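In this chain, numbering begins with 1 at the start of the sequence shown. The shown structure was predicted, so the numbers you read here are calculated from the model rather than taken from an experiment.
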Amino acid sequence: MTDFSQSFYWEILPLRGACCRLDAIYTRVLRGFQGHAEVAQLLGEVLVGLALLATTQKNYERLIIQAQSKGPLKLLVAEMTAAGGMRAYGNWEEGVSVDLSRLPEALLAITVDMGMDRDRYQGLVELRDSLALSLNAYFAESVQSPAYFRLVADPERQQAGGYFLQRLPGVLADEDWELAKQFIAVGSDQSLLQAHPEQFLPEIFPDSAVRLRAPQALSFACSCSREKVERMLISLGSAEAEDTLRSEGAIVVTCEYCQEVYRFDEADVALLFAPAHLLH
């Protein structure tokens with residue numbers, strides 16, 4: 001299995017966690033990427049954070065992590081479906097270094113879309129100095145449960161992965177919680193990516209059995225389509241579409257997630273706004 005997430009728990013301790021690898025998804029998201037190395041790394045980290053967060057959710061249709069600010073990082077967003085399809089993109093100011101610790105009015109939003117016309121749940125926290133710290137703060141403030149994230153993304157090798165721990169209600173000594181976090185925190189990024197959870201997790205608490213659940217396969221998936229672009233153009237109206245045709249010669253829409261290009265010439269637009277088409 002190339003890309004996956006896998007959750008685990010200790011039988012007699014109020015402690016659970018998850019790990020993931022997203023190399024193929026990360027490589028696909030970076031296809032054609034042109035921008036700061038900081039943004040490329042953030043794209044990997046937000047994907048990893050989302051995959052780990054998803055292991056704590058049940059009965060959702062779509063999960064979204066979104067960071068935005070009024071600084072050089074305008075938007076960073078990752079989405080995941082219950083089937084394991086993931087995508088991400090960023091919008092940033094060209095030529096300016098992106099430093100999370102210096103972003104003004106920066107927020108991190110976690111959205112749980114339950115689907116079937118049910119209400120969405122959204123939690124908001126201030127964006128911290130890193131995405132990992134921001135996710136820790138989200139669990140402390142919105143979930144009211146301590147958590148520890150370690151997110152690894154290497155744009156040069158196009159490798160991404162990480163680990164997550166959550167302290168659940170129950171009796172767990174503070175020193176045991178710190179010990180568990182230290183096991184995840186130590187070592188280089190590459191050593192963490194190469195680590196096999198079934199080998200090192202039992203070492204944290206040798207007297208308490210750790211159980212690994214079956215891994216979930218993850219893959220890149222984009223929900224864009226020509227039909228959705230057509231609906232968007234119809235909602236804008238024929239006048240705006242015709243103005244764009246006159247000035248540009250064609251309407252060209254590029255998906256921000258997968259870079260798929262949808263082109264509409266004069267004949268396409270005429271068909272789009274024909275009465276018979278609009279009735280459908």
Side-chain angles (χ1 to χ4, degrees), residues 1-6 17-55 63-69 72-81 84-94 96-101 103 106 108-110 127-138 147-165 184-185 187-195 197 215-222 255-259:
M1 185 181 300
T2 305
D3 288 7
F4 70 93
S5 63
Q6 186 173 21
C19 60
C20 73
R21 282 297 296 269
L22 306 177
D23 296 356
I25 296 171
Y26 189 32
T27 298
R28 178 62 183 82
V29 168
L30 290 182
R31 182 187 298 177
F33 176 84
Q34 294 180 341
H36 294 292
E38 301 103 308
V39 179
Q41 182 172 338
L42 286 172
L43 284 167
E45 290 179 357
V46 75
L47 284 164
V48 172
L50 180 60
L52 296 174
L53 175 68
T55 64
L63 294 178
I64 305 168
I65 293 182
Q66 180 174 314
Q68 60 185 48
S69 78
L73 183 67
K74 306 302 180 184
L75 181 65
L76 179 73
V77 60
E79 298 183 6
M80 178 173 170
T81 67
M86 302 186 74
R87 63 180 188 169
Y89 84 94
N91 182 5
W92 65 94
E93 187 176 342
E94 297 287 350
V96 181
S97 179
V98 175
D99 183 348
L100 296 191
S101 66
L103 293 177
L108 182 78
I110 310 291
L127 195 62
R128 268 53 173 191
D129 292 356
S130 69
L131 284 175
L133 290 175
S134 302
L135 288 168
N136 293 348
Y138 167 77
Y148 177 79
F149 283 81
R150 183 169 178 190
L151 314 177
V152 176
D154 187 334
E156 291 188 4
R157 292 187 171 94
Q158 297 192 350
Q159 295 177 333
Y163 278 78
F164 151 78
L165 292 172
I184 304 301
S188 68
D189 288 348
Q190 277 301 309
S191 65
L192 187 78
L193 289 175
Q194 300 305 322
Q216 178 186 10
L218 305 175
S219 61
F220 179 86
C222 190
C255 176
E256 295 171 309
Y257 289 96
C258 69
Q259 293 80 53

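- Without hydrogens or angle criteria, Asn91 side chain to Lys74 main chain gives no donor-acceptor distance under 3.5 Å.
- Under the 4.5 Å side-chain criterion, counting only non-hydrogen atoms from C-beta, Ile64 is in contact with Val77.
- In terms of heavy-atom proximity, Ser101 sits nearest to Asp129 at CB-OD1, 3.3 Å.
- The nearest pair of heavy atoms linking Val29 to Ala88 is CG1-O, 3.7 Å.
- Summarising the geometry of Trp92 relative to Gly35, their closest heavy-atom pair is CZ2-CA, 3.6 Å, with the distance given to 0.1 Å.
- For the residue pair Leu192 and Gly162, the shortest heavy atom distance occurs at CD2-CA, 4.5 Å.
- In terms of the side-chain hydrogen bond (donor to acceptor under 3.5 Å, both in side chains) criterion, residue partners of Tyr257 (sequence neighbours excluded) are, by chain and number, Glu79.
- The heavy-atom pair separating Phe149 from Gly49 by the smallest distance is CE2-O, 4.2 Å.
- Between the CZ atom of Arg150 and the CD1 atom of Ile184 there is a distance of 8.5 Å, given to the nearest 0.5 Å.
- Rounded to the nearest 0.5 angstrom, Leu53 CG and Cys20 SG are separated by 11.0 Å.
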- Begin with the C-alpha distance, continue with both residues' side-chain angles, and end with the deciding distance and a verdict on side-chain hydrogen bond (donor to acceptor under 3.5 Å, both in side chains) for Gln66 and Gln68. CA-CA 7 Å; Gln66 180 174 314; Gln68 60 185 48; 2.8 Å; yes
- Go through the steps to decide whether Gln159 and Asp189 satisfy the test side chain to side chain contact (heavy atoms under 4.5 Å, CB included), and finish with yes or no. CA-CA 10 Å; Gln159 295 177 333; Asp189 288 348; over 6 Å; no
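- The side-chain hydrogen bond (donor to acceptor under 3.5 Å, both in side chains) search around Glu256 returns Tyr89, not counting sequence neighbours.
- Salt-bridge check for Asp23 with Arg157: failed, with every basic side-chain N at 4.0 Å or more from each acidic carboxylate O.
- One distance of note links CG of Asn136 with OG of Ser130; it measures 7.5 Å at 0.5 Å rounding.
- The line from OG of Ser5 to CG of Leu218 is 4.5 Å long, rounded to the nearest 0.5 Å.
- The distance from atom CG of Leu151 to atom CZ of Phe164, rounded to the nearest 0.5 Å, is 11.0 Å.
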- Task: Mind running side chain to side chain contact (heavy atoms under 4.5 Å, CB included) on Cys258 and Phe220 for me, showing each step along the way?
- Result: CA-CA 9 Å; Cys258 69; Phe220 179 86; 3.9 Å; yes
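- When side chains are defined from C-beta on, Leu103 counts as touching Pro72, because their heavy atoms get closer than 4.5 Å.
- Here the straight-line distance linking atom CD1 of Ile65 with atom CG of Leu50 works out to 4.5 Å at 0.5 Å rounding.
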- Message: Could you go through Tyr163 and Leu52, starting from their C-alpha distance and side-chain angles, then the distance that decides it, and tell me whether this counts as side chain to side chain contact (heavy atoms under 4.5 Å, CB included)?
- Response: CA-CA 7 Å; Tyr163 278 78; Leu52 296 174; 5.7 Å; no
Pairs under 3.5 angstrom only: tabulate donor-acceptor contacts from the side chains of residues 39-48 to other protein residues two or more places apart or in another chain.
| unit_1 | atom_1 | unit_2 | atom_2 | d |
| --- | --- | --- | --- | --- |
| Gln41 | NE2 | Glu45 | OE2 | 2.9 |

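- Put simply, the side chain of Arg21 gets close to the backbone of Leu193: a donor and an acceptor are under 3.5 Å apart.
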- Task: Go through Asp99 and Ser97 one step at a time and tell me if the side-chain hydrogen bond (donor to acceptor under 3.5 Å, both in side chains) criterion holds.
- Result: CA-CA 6 Å; Asp99 183 348; Ser97 179; over 6 Å; no
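- In terms of modelled atom types and a separation under 3.5 Å, the side chain of Asp3 and the main chain of Ala24 share a donor-acceptor contact.
- In this structure, the side chain of Arg128 does not engage the main chain of Leu133 through any donor-acceptor pair within 3.5 Å.
- Contact record, Gly85 with Ala221: CA-CB, 3.7 Å, taken as the closest heavy-atom pair.
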- Query: Between Met80 and Arg87, is a side chain to side chain contact (heavy atoms under 4.5 Å, CB included) present by the stated rule, with each step listed?
  - Reply: CA-CA 7 Å; Met80 178 173 170; Arg87 63 180 188 169; over 6 Å; no
